[in-house]
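To keep things clear, I will list the structure first and then write my remarks on it.
All chains are named by letter (A, B, ...) in the order of the sequence lines, taking the proteins before the strands, and each is independently numbered beginning at 1.
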Amino acid sequence: MEVVAVIDFETTGLSPAQGDRATEIAAVIVEDGRIVDRYQSLMNTGVRIPAFIEALTGISNTMIRQAPPAAEVMSAVADFVGDYPLVAHNAAFDCKFWDAELERIERKRQQHFVCSLLLSRRIFPLAPSHKLGALVEYAQLPFAGHYHRALADAEMAASLLTRLEAELRGRHRVADVSVDLLRRIQGAPKSQLEKCLAGRARA
DNA sequence: TGCCAGGCCCTCTTTAGGGCCTT
């Protein structure tokens, strides 16, 4: 598969349209199933983190006050990922924040997103839950030490992506897994995985 | 004042409702 960048945001809430902002971003570059580079930073947007999210992530308002400005961080992470395809767990969420934070620095996303949640629902239909943490346990992936911190979650999502790719190569005998194929799988109805893979099996 | 996300996906569906998933 092509080189991709797996990203994860921690934020003050669920919706940039409702005034929520990013508090932390991480991106890991995945090449040949291995993480070859990492970026992580807290960021200061001036928006207060609700107490329950402080408790969820461990990212406090004190930590954020000492963090670099969001504009500086977003500029750096956008340069870091370049035009690699982006991957995230529940990409609809990270895509919203990525686009909203980039818009504030007058930059635009150049690439598509791949969603490891949508792929997991199709490739691991029997998993009891498709939360990132549950999939880490289900697929026996390495635990990165924390949940709800950006770098650890990005690393675990990268492991998940690599495992999903392996499942397609192994169980489904797909000869060549590409970002284009992953986007076709995630965009097709859940019941049509085999149809997406038709004609792609190794001889 | 009161409310406050949104897309996917299943089913007791499709003229809809509700759980899942992200913070």
Side-chain angles (χ1 to χ4, degrees), chain A residues 4-28 40-64 67 70 73-74 77 86-104 109 112-139 141 143-161 163-164 182-196:
Chain A
V4 298
V6 182
I7 71 158
D8 187 75
F9 275 108
E10 305 305 319
T11 70
T12 63
L14 295 175
S15 174
Q18 299 293 322
D20 293 321
R21 296 292 305 274
T23 58
E24 184 180 42
I25 176 78
V28 299
Q40 177 275 332
S41 182
L42 294 168
M43 66 179 95
N44 186 359
T45 65
V47 172
R48 186 163 185 80
I49 305 171
F52 81 95
I53 292 182
E54 278 190 327
L56 177 73
T57 64
I59 298 169
S60 68
N61 285 292
T62 304
M63 291 162 70
I64 290 304
V73 173
M74 287 307 302
V77 71
L86 297 174
V87 181
H89 198 68
N90 197 7
F93 173 84
D94 291 276
C95 183
K96 277 189 304 192
F97 279 94
W98 183 266
D99 289 350
E101 294 293 348
L102 280 193
E103 190 177 352
R104 289 173 176 274
R109 173 166 55 90
H112 292 301
F113 265 90
V114 169
C115 179
S116 58
L117 170 63
L118 293 179
L119 291 172
S120 297
R121 283 179 174 159
R122 288 154 178 76
I123 296 169
F124 290 138
L126 300 180
S129 160
H130 294 90
K131 287 182 187 177
L132 181 60
L135 287 164
V136 165
E137 284 188 30
Y138 177 78
L141 303 173
F143 176 56
H146 296 275
Y147 288 116
H148 297 300
R149 284 302 299 263
L151 183 58
D153 282 359
E155 288 182 354
M156 289 187 282
S159 295
L160 174 59
L161 178 75
R163 179 61 59 85
L164 292 169
L182 296 181
R183 283 180 48 79
R184 212 169 307 170
I185 292 170
Q186 76 180 26
K190 193 180 169 187
S191 58
Q192 291 190 10
L193 174 61
E194 295 305 328
K195 195 171 172 183
C196 287

Q) A:His89 and A:Ser116: side-chain donor and acceptor closer than 3.5 Å? A) yes
Q. So, does A:Asp153 use its side chain to make a donor-acceptor pair with the main chain of A:His148 at under 3.5 Å?
A. yes
Q: Using whole Å, report how far NE2 of A:His89 lies from P of B:dC8.
A: 15 Å
Q) B:dG19 and B:dC4: how far apart are their P atoms, nearest whole angstrom? A) 15 Å
Q.
Taking only the C1' atom of each, what is the distance from B:dC9 to B:dT13 in whole angstrom?
A. 12 Å
I'd like a table of atom pairs between the protein and nucleotides 1-7 of chain B - only N or O on both sides, under 3.5 Å - with the distance next to each one.
unit_1	atom_1	unit_2	atom_2	d
B:dC4	O2	A:Gln18	OE1	3.0

**Q.** Span that lies between the P atom of B:dG2 and that of B:dC8, in whole angstrom
**A.** 34 Å
Q. Does any non-hydrogen side-chain atom of A:Ser41 lie less than 4.5 Å from one of A:Val77?
A. no
Q: Name the nucleic acid region contacted by A:Arg21, choosing base, sugar-phosphate or nothing; use a 4.0 angstrom heavy-atom cut-off, strictly under.
A: nothing
Q) Looking for any heavy atom pair under 4.0 Å, which part of the strands does A:Asp94 touch: base, sugar-phosphate only, or nothing? A) nothing
(Q) What is the separation between atom CD on A:Gln186 and atom C1' on B:dC21, rounded to the nearest whole Å? (A) 15 Å
Q. In whole angstrom, what separates A:Arg183's CZ from B:dC8's P?
A. 12 Å
Q. Between atom CG in A:Leu56 and atom P in B:dC21, what is the gap in whole Å?
A. 15 Å
**Q.** Spacing of A:His148 atom NE2 relative to B:dC21 atom C1', expressed in whole Å
**A.** 11 Å
Q. Atom CE of A:Met43 and atom P of B:dT23: how far apart are they, to the nearest Å?
A. 14 Å
Q: Only counting residues at least two apart or in another chain, list the ones meeting salt bridge (Lys or Arg N to Asp or Glu O under 4.0 Å) with A:Arg48.
A: none
Q: Using a 4.0 Å heavy-atom cut-off across all strands, classify A:Phe97 as base, sugar-phosphate, or nothing.
A: nothing
**Q.** Under-4.0 Å side-chain N/O to phosphate OP1/OP2 contact, A:Arg122 with B:dC9
**A.** yes
Q.
Does A:Thr23 reach a base, just sugar-phosphate, or nothing at all? Heavy atoms under 4.0 Å.
A. nothing
(Q) Distance check, P atoms only: B:dC12 and B:dG18, in whole angstrom units. (A) 15 Å
**Q.** Nearest-angstrom distance, C1' atom, B:dG6 to B:dT23
**A.** 14 Å
(Q) Looking at A:Arg122 and A:Leu118, would you say the former's side chain and the latter's main chain have a donor-acceptor pair under 3.5 Å? (A) yes
Q) Want to settle it: does A:Leu132 or A:Leu118 sit nearer the 5' end of DNA chain B, counting the closest nucleotide to each? A) A:Leu118
Q: Using a 4.0 Å heavy-atom cut-off across all strands, classify A:Thr12 as base, sugar-phosphate, or nothing.
A: nothing
Q | Heavy-atom donor-acceptor pair, A:Asp20 side chain to A:Ser15 backbone, under 3.5 Å | A | yes
Q) So does A:Glu24 pair up with A:Arg149, basic N to acidic O under 4.0 Å? A) yes
Q. Under the salt bridge (Lys or Arg N to Asp or Glu O under 4.0 Å) test, which residues partner A:Arg104, sequence neighbours left out?
A. none
Q.
Distance check needed: B:dC9 C1' versus A:Leu193 CG, whole Å only.
A. 15 Å
Q: Starting from C1' on B:dC8, measure out to NZ on A:Lys131 and report it in whole angstrom.
A: 17 Å
